[in-house]
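Below you'll find the structure, written out as structure tokens, and then a few comments.
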Amino acid sequence: KTGEVVSRLTADTTQIKSAFSSTASIALRNAVMLLGAMAMMVATSPKLAGLALLAIPLVVLPLVLYGRRVRSLSRLAQDTLASSAAFAQERLAAIATVQSNVQEAHTREAFSAATATAFAAAARRTLARAVMTAAIIFVALGAIVFLLWYCAREVMDGGLTGGTLSQFMIYAILAASSVGQLSEVWR
């Protein structure tokens, strides 16, 4: 349908532009920050860095598993938006026919339904992205809390200084926030 092609050319092109402008910048910045934080964690304490690295599969797992659902919902949202635009374009191109057959009310209701379907698909996609991001942030911050607990025990036992603990936790928080941001732009 012509309207669907027009929607694909406009809405999908906008999505691509967004992905290659702000999203790519955010992803690159956070990937560099994550690698830097991990390198500093290893330099500060290889043992604690090893413990922190054990959390990475727990963070990546929801990203991979739930990311598929988010991608399929994103595709559905784009498809329903294209369908809604196609409907509008077809009816507008044939406005004289719609009016001569007194179909304005029916067309308005059908367009409202198509738009509501597109909105519902976008809302489901947004909810799925929010759940995925929340799960990743929860796991990452849970790993930090565990590390903090473990490090505090090490400080009390004399195996770690308070300064090293502070330094390592700053790097761990930087790494966790980078992972959270990367999960946000994964789509």
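All heavy atoms count here, side chains included; hydrogens, waters and symmetry mates do not.
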message: Evaluate L53 against M41 for side chain to side chain contact (heavy atoms under 4.5 Å, CB included), listing each step before the verdict.
response: CA-CA 10 Å; L53 291 177; M41 287 167 58; over 6 Å; no
message: Evaluate S74 against V70 for side chain to side chain contact (heavy atoms under 4.5 Å, CB included), listing each step before the verdict.
response: CA-CA 6 Å; S74 292; V70 171; 4.2 Å; yes
message: Set out, in order, the CA-CA distance, both residues' side-chain angles and the distance that settles side chain to side chain contact (heavy atoms under 4.5 Å, CB included) for M40 and L174, then state yes or no.
response: CA-CA 11 Å; M40 293 306 296; L174 283 173; over 6 Å; no
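Rounding to the nearest 0.5 Å gives a distance of 11.5 Å between CG of L141 and CG of L148. I26 CD1 to L28 CG: the interatomic distance, rounded to the nearest 0.5 Å, is 11.0 Å. Between the CZ atom of F111 and the CG atom of L92 there is a distance of 8.0 Å, given to the nearest 0.5 Å. Rounding to the nearest 0.5 angstrom, the gap separating the CZ atom in R108 from the OG1 atom in T115 is 12.5 Å. The distance from atom CG of N101 to atom NE2 of H106, rounded to the nearest 0.5 Å, is 11.0 Å. Considering CG of L35 and OG of S178, their distance stands at 9.0 Å, rounded to 0.5 Å.
Follow the hydrophobic side-chain contacts under 4.5 Å out from M156 and you never reach F168; the two are in separate clusters. Linking ILVMFWY side-chain heavy atoms closer than 4.5 Å, directly or via other members, places M169 and Y171 in a single hydrophobic cluster. Residues L76 and L127 do not share a hydrophobic cluster, defined by chaining ILVMFWY side chains whose heavy atoms lie under 4.5 Å apart.
Remark: of the listed residues T44, I170, L160, L160 is the sole one forming a side-chain contact (heavy atoms from CB on, under 4.5 Å) with L165. Among the candidates V145, L51, V155, the single residue satisfying the side-chain contact (heavy atoms from CB on, under 4.5 Å) test with Y150 is L51.
Minimum interatomic distance between F87 and A110 (heavy atoms only, all atoms of both residues): CZ-CB, 3.4 Å. When all heavy atoms of A77 and A121 are compared, the closest pair comes out as CA-CB, 3.8 Å. Contact between S177 and N30 at its shortest, heavy atoms only, is O-OD1, 4.4 Å. When all heavy atoms of L48 and C151 are compared, the pair lying nearest together is CD1-SG, 3.4 Å. Taking every heavy atom of both residues into account, A52 and L147 meet most closely at CB-CD1, 3.6 Å.
Contact annotation: the side chain of M33 never approaches that of Q181 to less than 4.5 Å [non-hydrogen atoms, C-beta and beyond]. Residues E154 and T164 fail the side-chain proximity criterion, which asks for heavy atoms closer than 4.5 Å.
Checked by atom type and distance alone, the side chain of S166 pairs as donor or acceptor with a backbone atom of G162 at under 3.5 Å.
The environment of CZ in R91 is crowded: more than 12 heavy-atom neighbours from other residues, nucleotides or ligands sit within 6.0 Å.
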